[in-house]
Amino acid sequence: GTPWRCPAVRLTLGRSARESLRVYAESNGIRRRLEEKMSSELLDRFKRSVLVYYAGTCAEKLSNLPLLPVPTQIHFADYLHGGFDKQYPDHLPPSPRFGTPEEFRQFLAAARKLGHLVVPYTNPTWWCDDPKGPTFEKHGEGPLLRLLDGTVSRERYSANTGFTVCHWHAAVQEANRLTVRQFRTEYPVDVLFQDQCGARGWRYDRNPASPTPYAYVEGLLSMIDEDSRRAPLSTESGWDRVVNAESQLCGMTWSLVPTEGGPAWRQFFKQRYDPATWEIFPLAQYLAHDKTAMIHHDLGQFVTNRQTLAWTLGLGFSLSYRVHAPALSGDAVRQWLLWLDRLQKSVCARYVGQALEDFGHERGPGPAPDDDGLLRSTYCNGSLRVAANLGPRPRREAGQELAGYGFLVQTPDLVAANLARADGDPGDEG
């Protein structure tokens, strides 16, 4: 849940901010484009797929699989051997509550045969206790990060506890390589989600396995660089040094986009800073939009209404949704997902992996608390333009009347829009 972190960028006089960021990325070796990270066939399906957090047992997932639009990025964590944030680094075999190993393999095979992308949740960045998993029991505290005073670094997320690990330690590397290998051979998947790899900050680590006390992040980066050569990776949040490895960044919008059901700690930027004093500048997109796909947080932020949809398209993000597998039989749930799927395939697939060419945020005169203005963005050498209305009232743009929380996407062969109607109806989508 941490925002994009990047060293301060010194803008060169005489260049636009966009050009300066391009020079920064190039000079720092941030240049591995999205199409270099997976096969062309997989990339095509990846771009066209909504990420769906697909909850339920293995049997529920399998029986409702035909109701998902094809392709979908099927994301889930309920298979975890010990439960969520329990017994890491041991992710497999699947929990008996979820299903047997054979049932899990059957579900994975069926999903991939239909053309879906399977994206299981993993977390290689900390080892959990209460109870410890077999690997933790075997190796004890030797693999854990050591603070400057020599003590271990204890972590807590909700009711779950554990410890930060040293990624230079052989046992940590061995455990992670096992997880990657299991998801390539025993339980084959398409994309591997590794939580927190883009969300962790700099730490001191005096574990004897670390080459220096300030090499914690380098150990983490070495791990994801190695893993990215074996499978396409997705992670939470993001910063400039993970861009070459990651195929998808999930997050960076907690304090910006009013998604439903956010955590209690969330505070919006406009609540902390007078909106009249700032505007959105998409640093992450300028640096990385041609190198990764971007979506909201994979566990807690989803596109559930028109307001979030407008924000998502305006920021150049892909679409995501959360559903309990049996709920797919409900018309309202399924129709909304099908609408997101249509937009992902028709609109988002065109700008995923494309450089952000231009961006503007216009608040308009007298900003209102419920109105965040208008976003404009341009991709594909200027041939794809997006306008997103972040307010509840209609707004004029490019000769069209955008509905409240409406949008307008224009390319030479496509117009996708949510427009206001003269009779006062909120708008037409099409």
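Computed from a predicted structure; not experimentally measured.
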Chemist: Could you tell me if Thr185 and Arg181 have a donor-acceptor pair between their side chains, going purely by distance under 3.5 Å?
Modeler: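 Distance-only check fails for Arg181 and Thr185.
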Chemist: Are Arg33 and Glu36 close enough for a salt bridge, meaning some N to O gap below 4.0 Å?
Modeler: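 No, no charged N to carboxylate O under 4.0 Å.
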Chemist: Taking Arg200 first and then Glu155, would you say they form a salt bridge - that is, a charged N and a carboxylate O separated by under 4.0 Å?
Modeler: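 Salt bridge between Arg200 and Glu155, a charged N being under 4.0 Å from a carboxylate O: yes.
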Chemist: Counting distance only, does the side-chain N/O of His289 pair as donor-acceptor with the main-chain N or O of Gln354 below 3.5 Å?
Modeler: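 Indeed, once roles are kept as given, a pair shorter than 3.5 Å links the two residues.
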Chemist: Flag the pair Arg154 and Asp129 as a salt bridge only when some basic side-chain nitrogen lies within less than 4.0 angstrom of an acidic carboxylate oxygen.
Modeler: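 A salt bridge links Arg154 with Asp129.
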Chemist: Check the pair Gln344, Arg48 against side chain to side chain contact (heavy atoms under 4.5 Å, CB included), reporting the backbone distance first and the verdict last.
Modeler: CA-CA 6 Å; Gln344 181 70 37; Arg48 293 188 296 112; 5.5 Å; no
Chemist: Do we see a donor-acceptor contact under 3.5 Å between the side chains of Ser320 and Gln301?
Modeler: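 No, no side-chain donor-acceptor contact under 3.5 Å.
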Chemist: Is it true that His167 and Gln173 share a donor-acceptor pair across their side chains at a distance under 3.5 Å?
Modeler: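 Not at all, the side chains of Gln173 and His167 share no donor-acceptor pair under 3.5 Å.
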Chemist: With side chain to side chain contact (heavy atoms under 4.5 Å, CB included) as the criterion, how do Ser49 and Gln73 come out once you've worked through the C-alpha distance, each side chain's angles and the decisive distance to 0.1 Å?
Modeler: CA-CA 6 Å; Ser49 56; Gln73 288 187 56; 3.1 Å; yes
Chemist: Classify the ring geometry between Phe269 and Trp278 as parallel (under 30°), tilted (30 to 60°) or perpendicular (over 60°).
Modeler: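 The rings of Phe269 and Trp278 stand perpendicular, inter-plane angle above 60°.
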Chemist: Mind checking the OH-SG spacing from Tyr79 to Cys58? Nearest 0.5 Å is all I need.
Modeler: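 Between atom OH of Tyr79 and atom SG of Cys58 there are 12.5 Å.
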Chemist: Can you tell me how far the CG atom of Leu402 sits from the CZ atom of Arg395, to the nearest 0.5 Å?
Modeler: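 Separation between the atoms: 9.0 Å.
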Chemist: Taking only Lys NZ, Arg NE, NH1 and NH2, and the carboxylate oxygens of Asp or Glu, determine whether Glu41 and Arg45 approach each other closer than 4.0 Å.
Modeler: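 Here Glu41 pairs with Arg45 in a salt bridge, since their nearest N and O are under 4.0 Å apart.
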Chemist: As an exercise, state the distance from NZ of Lys47 to CE of Met38, rounded to the nearest 0.5 Å.
Modeler: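 Result: 9.5 Å between the selected atoms.
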Chemist: Applying the ring pair (Phe, Tyr, Trp, His ring centres under 6.0 Å) test to Tyr121, which of Phe183, Phe84, Phe76 qualifies?
Modeler: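 One option only clears the test, and that one is Phe84.
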Chemist: Ring centres of Tyr53 and Tyr321 under 6.0 Å apart?
Modeler: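 When the ring centroids of Tyr53 and Tyr321 are compared, they turn out to be at least 6.0 Å apart.
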Chemist: Can you say whether the rings of Tyr88 and His91 are parallel (under 30°), tilted (30 to 60°) or perpendicular (over 60°)?
Modeler: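 Geometry flag for His91 against Tyr88: parallel rings.
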Chemist: Between Arg363 and Glu279 (salt bridge meaning N to carboxylate O under 4.0 Å), is one present in this structure?
Modeler: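 The answer is no: the pair does not qualify as a salt bridge.
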Chemist: If we count only N and O atoms by modelled type, under 3.5 Å, do the side chains of Thr378 and Arg385 hold a donor and an acceptor together?
Modeler: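 Yes - a donor-acceptor pair under 3.5 Å links their side chains.
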Chemist: Can you tell me how the ring of Trp126 sits relative to the ring of Tyr157, calling it parallel under 30°, perpendicular over 60° and tilted otherwise?
Modeler: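 Perpendicular: the ring planes of Trp126 and Tyr157 meet at over 60°.
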Chemist: Run the salt-bridge test on Lys37 and Glu246 with the 4.0 Å N-O cut-off and return the result as yes or no.
Modeler: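 No salt bridge links Lys37 with Glu246.
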Chemist: For the residue pair Asp227 / Asn176, report whether a side-chain donor-acceptor contact shorter than 3.5 Å exists.
Modeler: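 Side chains of Asn176 and Asp227: pair found under 3.5 Å.
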Chemist: Any heavy-atom pair between the side chains of Val257 and Thr308 that's under 4.5 Å?
Modeler: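 The answer is yes; the side chains approach within 4.5 Å.
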Chemist: Is Lys132 paired with Glu137 through a side-chain N to carboxylate O contact shorter than 4.0 Å?
Modeler: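 A salt bridge is absent here (no side-chain N lies under 4.0 Å from a carboxylate O).
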Chemist: State, yes or no, whether a side-chain contact exists between Phe407 and Leu343 at a heavy-atom distance under 4.5 Å.
Modeler: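 With C-beta onward as the side chain, the pair touches.
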Chemist: Under 3.5 Å, is there a donor-acceptor pair between the Asn381 and Ser383 side chains?
Modeler: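 Side-chain D/A pair, Asn381 to Ser383: absent.
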Chemist: Does the ring of Tyr187 carry Arg105 above it, NZ/CZ under 6.0 angstrom from centre and within 45° of its axis?
Modeler: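 Because its charged atom sits under 6.0 Å from the ring centre and within 45° of the axis, Arg105 does stack over Tyr187.
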Chemist: May I ask you to say whether Arg18 pairs ionically with Asp358, meaning some side-chain N is under 4.0 Å from a carboxylate O?
Modeler: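 No.
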Chemist: Under a 3.5 Å threshold, yes or no: a donor from one side chain and an acceptor from the other, between Asp90 and Thr135?
Modeler: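 Note: Asp90 and Thr135 side chains meet the donor-acceptor criterion.
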Chemist: How long is the span from the CG atom in Leu80 to the CG atom in Asp85, to the nearest 0.5 Å?
Modeler: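 Going from the CG atom of Leu80 to the CG atom of Asp85 covers 8.5 Å.
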Chemist: Any side-chain heavy atom of Trp168 sitting closer than 4.5 Å to one from Asn207?
Modeler: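 With C-beta onward as the side chain, the pair stays apart.
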Chemist: Taking the six-membered ring where the residue is Trp, are the ring centres of His75 and Phe193 under 6.0 Å apart?
Modeler: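 Close enough - the centres of the two rings lie under 6.0 Å apart.
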Chemist: Return yes if a side-chain donor-acceptor contact under 3.5 Å exists between Gln196 and Asn123, otherwise no.
Modeler: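 Yes, side-chain donor-acceptor contact under 3.5 Å.
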